[in-house]
Structures are given as C-alpha cells and as structure tokens.
Protein chains: 2
Amino acid sequence: MGRPLRADAARSVRAILEAAEQVLAEDPGASMEQIAEQAGVARTTVHRRFANRQALIEALAASAKQQLMESVADAHMDTAPPLVALHRVTANVLRIKSVWRFTLGHPLADSPLTAAIWSEVNAGALAFFARAQREGLLAPDTDLMWARRVYYALVEEAQHGGGADLDPDQVRQNADAMATLVVDTFLRGTGPHG
Amino acid sequence: MGRPLRADAARSVRAILEAAEQVLAEDPGASMEQIAEQAGVARTTVHRRFANRQALIEALAASAKQQLMESVADAHMDTAPPLVALHRVTANVLRIKSVWRFTLGHPLADSPLTAAIWSEVNAGALAFFARAQREGLLAPDTDLMWARRVYYALVEEAQHGGGADLDPDQVRQNADAMATLVVDTFLRGTGPHG
DNA sequence: CTGATTTGCATCAATGTTGTTGCGTGGGAA
DNA sequence: TTCCCACGCAACAACATTGATGCAAATCAG
C-alpha cells in the first residue's frame with residue numbers, strides 16, 4: 001500500500017464498506033450506485049477506491065473475516081473448558097455475524113486469502129469438537145463433520161430471526177441469550193431431557 | 001389458460017423450468033440466455049412462454065411448492081404417530097428439496113398465492129410440533145417457534161452437503177438416511193444420550 | 001497559508017440484459 | 001396429407017450498469 005490515506009479518504013472508505021454491507025445484505029445484486037447512495041458518496045468515489053465490484057467485495061470479506069477470527073481467538077477455545085468455550089465463541093460469533101450479515105452469510109468472493117482463513121477456522125472448529133468429544137461433551141458416536149454442520153446451521157439460524165437495529169448493549173445481551181439457546185439445542189436437542 | 005399446449009410446447013415449458021431451476025441454483029442472478037441455453041432452446045422461446053423473469057420464477061415457485069405440499073400431505077402428519085410422521089415428512093421434503101434447490105432455498109418471488117401456501121405449511125408444522133409436545137416427543141419447555149426454526153435449519157443443512165447428481169434410487173436412500181440423522185439430531189442433539 | 005489531495009458532477013463509451021418483431025422452416029394434429 | 005402452431009434465427013430498441021475522464025470546488029496536512 002502506497003502512502004497512508006488522508007483523513008477524509010479513510011472516512012469514505014469506511015463509509016463505503018459499511019454501506020456495501022448493509023445494502024448487499026438486503027439485495028446481493030444491488031448496484032454500485034445504490035451502495036454509493038447509502039454511503040452518502042458519489043458513485044465515482046466508489047470506483048476511485050475500489051476498481052471492481054469484485055475488489056469491493058473482497059475488501060469486505062477481508063474486514064469481516066479478520067474481525068471474525070479475532071472474536072474466535074478471544075474465546076480461547078484451546079484452553080477453556082469445552083462448554084464455557086463453546087458458549088463464549090457462540091456469543092462472540094453471533095455478535096460479529098449480526099454486523100456482517102452479507103459478507104459472512106454468503107461464502108462468495110473467496111479470494112485465496114479469505115479461503116485460507118476459512119479453512120483455518122473450520123479446522124480449528126473440528127479440532128475443538130474433537131476435544132469436546134474426548135472430554136464427554138459430545139456423544140462418542142457423534143460424527144464430527146455432521147456436528148460441525150449442525151452447529152454452523154444453528155448459529156446461522158439464531159442470527160436470522162431477531163437482531164435488526166439494536167443498541168450495542170442489546171446486541172450483546174441478545175447474543176448471549178441466543179448463544180445459550182444455540183448451545184443447549186446443539187447438545188440436547190428439543191426432546192425431553194434425561 | 002386458453003387451449004391446451006401442443007406436445008412440443010409442453011416439452012419446452014418443462015425443459016425451461018428444469019433448466020431455470022438448475023441454473024438459478026448455481027447463480028441466482030443468471031441471465032435468461034443462460035437458462036435458455038441449458039434448456040436447449042432459443043432465448044426467444046423462453047420469452048414466448050414466460051413474459052418476465054418474474055413470471056418464470058413464479059411459475060417455478062408454483063411447481064415446486066405444489067410438489068412440496070403433496071409430499072407433506074403424503075406423510076399424514078395429523079394421524080400417524082409423531083415420530084413416524086416426523087421421519088416420513090423429513091425424508092419426503094428432503095427428496096423434493098434436492099430437486100428444487102433454488103426455488104425452495106430462496107423465499108423470493110412470493111406471489112400472494114405461494115405466500116399463502118407457505119403460511120399454511122408453516123402453520124401445519126407448528127400444529128404438528130404442538131401435538132408432538134403434548135405426546136411427549138418434544139420437551140414441555142421447548143419453545144415451539146424455536147423448535148420449528150431449528151428443524152427447518154437442520155433440513156436445509158442436511159440437503160446442502162451430498163446429493164448432487166444421484167440416481168432416483170440413491171436420492172431416495174440418501175433422503176432416508178439423512179432424515180434419520182436430522183430427526184435424531186433434532187430430538188437429542190449431539191451430546192451424550194441419557 | 002499554501003500546496004496537494006479528494007470529492008462531486010457532468011459526460012462519455014462500452015457492455016450486457018431485456019423484451020419485441022418478423023420470417024422461414026419443421027414438426028404435431030386432425 | 002394438410003393446416004397450423006411452435007420453433008430457431010436475426011435484428012432491433014430500450015435500458016441499466018459499469019468504468020473512465022476532466023474540471024472546479026472543498027478540504028486536509030504541513
């Protein structure tokens with residue numbers, strides 16, 4: 001990257017990325033003009049900062065996945081007790097996902113970089129589930145691949161329902177509540193316990 | 001509808017609908033030309049049969065949702081024992097969904113008609129889960145709305161993985177196997193039983 | 001303050017998609 | 001067999017989107 005962006009330029013870039021996320025979340029086929037409008041910026045400015053639509057989406061993916069990885073790392077899944085780690089990572093991921101609905105919802109625009117990040121996250125998840133199984137949190141006969149798919153599906157579903165326009169505080173509380181629900185359902189299902 | 005279509009015309013319509021389903025499943029923004037090509041038909045023929053892209057998608061939705069409703073009715077969810085009914089409807093729906101990935105995967109193009117069908121299916125599902133809860137299949141404290149969302153998410157997930165280009169026989173077997181997995185996970189989760 | 005940078009705006013060409021029309025041909029139906 | 005319908009093909013206009021350029025005004029940084 002050449003020299004650092006000027007303050008206003010940096011502001012534009014951030015505004016465009018946020019706008020793109022919001023607009024594309026509602027309509028993945030939205031035009032650059034709609035994104036520019038939402039960002040409060042002329043369409044030419046968008047093209048100045050991002051040559052292609054592709055470039056814009058990749059930048060989006062980069063931002064989102066970096067934040068996602070930080071929030072995953074923050075859960076310390078390799079040291080904390082499995083149940084605690086699972087709850088914590090679920091809440092963290094739900095919080096991030098509520099902000100990046102489009103980028104994290106569509107596995108599109110997987111540049112080699114972001115693809116690598118993804119496979120790293122997936123491998124980490126699988127390793128975590130393996131440990132959880134060894135420590136008795138998952139049934140011994142549970143297929144780990146299927147468990148991971150189920151877990152992802154529940155997280156995705158938990159984020160679909162509520163969660164539009166909330167205070168940052170409410171977002172955190174909601175993420176916690178949904179995390180409890182997700183983990184509980186993931187481990188015990190919906191049938192009678194015991 | 002005026003007079004019945006001639007044999008070749010009917011064939012074209014079917015070819016176009018199948019092609020649209022396949023092409024749109026891979027790229028929801030695909031052009032009419034791509035659909036026509038996949039159907040082995042000139043683009044003008046597509047426009048002859050379906051005035052708009054919208055009209056085509058609605059026709060798609062009509063076909064798919066009719067088949068879906070038939071497959072649901074076929075499970076006799078109101079009379080059969082809940083566990084049996086749940087397994088049967090799951091297998092049936094998985095079979096239909098594997099064919100109509102695009103149309104049933106995207107709640108787009110909800111004409112008033114198809115929207116009505118949807119809400120009917122959803123209401124039926126909720127009623128079924130209520131009965132299942134009364135008869136002890138679901139825990140008494142399970143939120144039925146959440147249960148329905150979880151069930152839908154699991155069905156959707158089960159259909160994502162395998163299932164591309166299989167014999168009709170293999171499709172049925174696969175649907176059965178996945179239905180068992182889905183129902184089991186739905187009711188008991190992935191944790192240790194018992 | 002002053003120079004450099006960014007932006008908005010107007011404009012332009014290129015492109016792809018949509019939807020329509022007319023015509024000749026080939027296959028279905030009575 | 002004969003008539004008619006549906007098809008493919010070519011061509012067309014309308015439209016939206018993309019991406020680029022030049023320029024004057026606003027704004028940032030040293």
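We use all heavy atoms of the structure for the numbers below, so side chains are in, but hydrogens, waters and symmetry mates are not. Naming: A, B, ... by sequence-line order, numbering from 1 per chain. As the structure is a prediction and not an experimental result, all values here were calculated from the model.
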| query | So how far off straight is the helix from C:dC1-D:dG30 to C:dA30-D:dT1, going by the axes through five pairs at either end, to 10°? | reply | 40°
| said: What I want to check is whether the side chains of A:T142 and A:Q133 have a donor and an acceptor closer together than 3.5 Å. | reply: no
| said: According to side-chain contact (heavy atoms from CB on, under 4.5 Å), who are the partners of A:D184, at least two apart in sequence or on a separate chain? | reply: A:R188
| query | For B:D143, what residues pass the side-chain contact (heavy atoms from CB on, under 4.5 Å) criterion, not counting sequence neighbours? | reply | B:M145, B:W146
For [X], salt bridge (Lys or Arg N to Asp or Glu O under 4.0 Å) partners two or more places apart:
{"X": "B:R14", "result": "none"}
{"X": "B:D176", "result": "none"}
{"X": "A:E26", "result": "none"}

Return the value, rounded to whole Å, for the distance between atom [atom1] of [X] and atom [atom2] of [N].
{"X": "A:L5", "N": "D:dT27", "atom1": "CG", "atom2": "P", "result": "19 Å"}
{"X": "A:R48", "N": "D:dT27", "atom1": "CZ", "atom2": "C1'", "result": "14 Å"}
{"X": "B:L56", "N": "C:dT17", "atom1": "CG", "atom2": "P", "result": "16 Å"}
{"X": "A:R49", "N": "C:dT7", "atom1": "CZ", "atom2": "C1'", "result": "9 Å"}
{"X": "A:F50", "N": "C:dT6", "atom1": "CZ", "atom2": "C1'", "result": "15 Å"}
{"X": "B:I35", "N": "C:dT18", "atom1": "CD1", "atom2": "C1'", "result": "12 Å"}

What nitrogen or oxygen pairs link the protein and nucleotides 11-20 of chain D at under 3.5 Å?
| unit_1 | atom_1 | unit_2 | atom_2 | d |
| --- | --- | --- | --- | --- |
| D:dT18 | OP1 | A:R53 | NH1 | 3.3 |
| D:dT18 | OP2 | A:M32 | N | 3.1 |
| D:dG19 | N7 | A:R43 | NH1 | 3.0 |
| D:dG19 | O6 | A:R43 | NH2 | 3.2 |

| query | Which pairs pass salt bridge (charged side-chain N to carboxylate O under 4.0 Å, His left out) with one or both residues in residues 113-131 of chain A, sequence neighbours excluded? | reply | A:R131-A:E135
| request: Just call it for B:G29: base, sugar-phosphate, or nothing, with non-hydrogen atoms closer than 4.0 Å on any strand. | output: nothing
Going by atom type alone, with no hydrogens or angles, which donor-acceptor pairs under 3.5 Å involve a side-chain atom of residues 33-40 of chain A and a protein atom two or more places apart or on another chain?
| unit_1 | atom_1 | unit_2 | atom_2 | d |
| --- | --- | --- | --- | --- |
| A:Q34 | OE1 | A:S31 | N | 3.0 |
| A:Q34 | OE1 | A:S31 | OG | 3.4 |
| A:Q38 | NE2 | A:Q22 | OE1 | 2.8 |

| query | Within less than 4.0 Å of OP1 or OP2 of D:dC7, is there a side-chain N or O belonging to B:S12? | reply | yes
| Which atoms form the tightest heavy-atom contact between A:A139 and B:H193, and what is the distance? | CB-CE1, 3.9 Å
| field | Pairs meeting criterion side-chain hydrogen bond (donor to acceptor under 3.5 Å, both in side chains) with involvement of residues 40-49 of chain B, two or more places apart | value | none
Just list the side-chain donor-acceptor pairs under 3.5 Å for residues 83-90 of chain A, sequence neighbours left out, or say none.
| unit_1 | atom_1 | unit_2 | atom_2 | d |
| --- | --- | --- | --- | --- |
| A:H87 | NE2 | A:T180 | OG1 | 3.1 |
| A:T90 | OG1 | A:L86 | O | 2.5 |
| A:T90 | OG1 | A:Y151 | OH | 2.6 |

Using nucleotides 25-28 of chain C, report all nitrogen or oxygen pairs with the protein that are shorter than 3.5 Å.
| unit_1 | atom_1 | unit_2 | atom_2 | d |
| --- | --- | --- | --- | --- |
| C:dG27 | N2 | B:R6 | NH1 | 3.3 |

